[in-house]
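Before any comments, here is the structure.
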Amino acid sequence: MSNQEIKDKLNKIKQSFRLMMNGPASQSMREKGVSYKLNWGVSFADLKDMAQEYGKDRLLAVELWKQNIRECQILACLIMPAEEFPQEMAEIWMEQVQTPEIANMLAFNLLQDTDYAPELAFRWLASDKPLYELCAYTLLGRLFQRGMAPNERGINELLDQATVAMRGDNVMVKHAACNCLNKFGELDEEYRQLALKVMEHAHE
């Protein structure tokens, strides 16, 4: 695909965002402190439909991500082929994430399908950066839902980091850690007991 073709697709996508614009949704996000360079308030369902239409496309995904527009970045996560998304690129994209919504979208719609997802998640858990931690807990939760159980070292790391998160002041990270522990507990009764213990201790 030539540069001109990518540019044309990009312009077409941006025009379609204007047509689907949801002013109240966009305004509501702004009022909740969710700030983007540009936010059309397009629903995730509409963006998923659009992703189906365009299919997996690495070059287009890269250009969409660079736009720093809410809808463009969500669509980028949906159309980037996981097997063509190296870990170095994941690190670069994560550095550029500015909102919890995009951190979650990255975990849900792209990172969970990569080979390096567990390694990345455990590293980001210990980052002390709230958006990284949020993404990591969301990502691990998805992996647990898919039946992937961590090894003993991973379990200890998760429980240690979740204990710190649950005792911390960041409500967003606390909530993500709690959700992740619930998913971890669904894997096995022994894990459920470990997760409950962490949640109980967090409130002592």
In this structure, CD1 of Ile102 is separated from CG of Leu134 (nearest 0.5 Å) by 11.5 Å
Report the distance from atom CD of Glu5 to atom CG of Asn3, rounding to the nearest 0.5 Å.
9.5 Å
Can you give me the closest heavy-atom contact between Met50 and Ser16, atom names plus distance?
CE-OG, 3.3 Å
Would you call Leu120 and Tyr132 a side-chain contact if the rule is heavy atoms closer than 4.5 Å?
no
Mind checking the CD1-CG spacing from Ile6 to Leu59? Nearest 0.5 Å is all I need.
4.5 Å
Any donor-acceptor pair under 3.5 Å from Arg70 side chain to Val42 backbone:
yes
Is Tyr54 close to Lys12 at the side-chain level, that is, under 4.5 Å between some pair of heavy atoms?
yes
Gap separating the CD1 atom of Ile74 from the CZ atom of Phe44, nearest 0.5 angstrom
7.5 Å
Charged N-O contact under 4.0 Å between Glu63 and Lys66:
yes
Decide if atom CG of Asp115 counts as having more than 12 heavy atoms of other residues, nucleotides or ligands within a radius under 6.0 Å.
no
Sub-4.5 Å side-chain heavy-atom contact between Glu91 and Arg123
yes
Say whether, by atom type as modelled, one donor and one acceptor occur between the side chain of Arg142 and the main chain of Asn109 under 3.5 angstrom.
no
So does Lys56 have more than 12 non-hydrogen atoms from other groups sitting under 6.0 Å from NZ?
yes
Any side-chain heavy-atom pair of Leu111 and Trp124 under 4.5 Å
yes
With a sphere of 6.0 Å drawn around CD of Glu53, does it hold more than 12 non-hydrogen atoms of other residues, nucleotides or ligands?
yes
Measuring from Thr163:OG1 to Met199:CE, what's the distance to the nearest 0.5 Å?
10.5 Å
Electrostatic pair Arg192-Glu189, nearest N-O below 4.0 angstrom:
yes
How about Lys9 and Asp57: do any of their side-chain heavy atoms sit closer than 4.5 Å?
yes
Pairing donors with acceptors under 3.5 angstrom, does anything connect the side chains of Gln4 and Asp8?
yes
Using a 3.5 Å distance criterion without hydrogens, assess whether the side chain of Tyr137 forms a donor-acceptor pair with backbone atoms of Ala162.
yes
Check the surroundings of atom CD in Gln193: do more than 12 heavy atoms from other residues, nucleotides or ligands lie under 6.0 Å from it?
yes
Main-chain N/O of Phe108 paired with Gln112 side-chain donor or acceptor, under 3.5 Å:
yes
Just by distance, do the side chain of Lys183 and the backbone of Leu140 share a donor-acceptor pair under 3.5 Å?
no
